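Below: the structure, in structure tokens.
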Amino acid sequence: MSEFAPICVYLVISLLVSLILLGLPFPFASNSSTYPEKLSAYECGFDPFGDARSRFDIRFYLVSILFIIPDPEVTFSFPWAVPPNKIDPFGSWSMMAFLLILTIGSLYEWKRGASDRE
């Protein structure tokens with residue numbers, strides 16, 4: 001049990017530090033609910049005139065997904081940053097398969113018109 005003592009001490013210290021950092025602003029904060037301007041609705045200077053929970057067009061989500069896709073591409077391309085004679089055939093063929101899947105996906109998106117603007 002003594003081999004876990006440093007871990008327990010670390011957990012207790014980290015818990016205390018996080019609780020102190022979370023609770024430290026409260027004694028110094030002013031009561032913001034006393035200001036009526038803080039409680040008023042704000043929507044670009046106008047009173048709200050519609051429901052905030054309206055439906056979004058699916059293209060907004062599609063555009064966000066299209067921006068997320070290049071992140072794993074870059075991450076999985078890092079193994080090619082080694083000299084070519086250091087990569088074994090399995091690594092080379094697995095990267096070729098990865099690039100083939102990306103190419104097929106890009107062609108599918110292009111054919112479906114995912115990046116077209118209307």
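Keep in mind that this is a model prediction, so the values were computed, not measured.
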Hey, could you give me the [atom1]/[atom2] distance between [X] and [Y], rounded to the nearest 0.5 Å?
| X | Y | atom1 | atom2 | value |
| --- | --- | --- | --- | --- |
| Leu102 | Leu107 | CG | CG | 11.0 Å |
| Leu16 | Ile20 | CG | CD1 | 6.0 Å |
| Leu99 | Met95 | CG | CE | 5.5 Å |

*Sequence neighbours left out, what pairs pass ring-ring contact (aromatic ring centres under 6.0 Å, His included) with at least one residue falling in residues 1-28?*
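Every pair satisfying ring-ring contact (aromatic ring centres under 6.0 Å, His included) with a residue in residues 1-28: there are none.
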*Can you see which heavy atom on Pro25 is nearest to which on Leu21, and at what distance?*
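In this case the closest contact between Pro25 and Leu21 is CD-O, 3.5 Å.
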*Kindly give the heavy-atom pair with the smallest separation between Pro6 and Ser2, and that separation in Å.*
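The pair with the smallest heavy-atom distance is CD-O, 3.9 Å.
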_Under the criterion side-chain contact (heavy atoms from CB on, under 4.5 Å), I'd like the reasoning laid out for Leu11 against Leu15: C-alpha separation, chi angles, the key distance, then a yes or no._
CA-CA 6 Å; Leu11 287 175; Leu15 181 67; over 6 Å; no
*For Leu22, enumerate each residue passing the side-chain contact (heavy atoms from CB on, under 4.5 Å) test, keeping only those at least two apart in sequence or located in another chain.*
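Applying side-chain contact (heavy atoms from CB on, under 4.5 Å) to Leu22 gives none.
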*Please answer: with hydrophobic residues joined when any side-chain heavy atoms are less than 4.5 Å apart, are Met96 and Ile104 in the same cluster?*
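No, because Met96 and Ile104 fall into different hydrophobic clusters, even though each may have its own neighbours under 4.5 Å.
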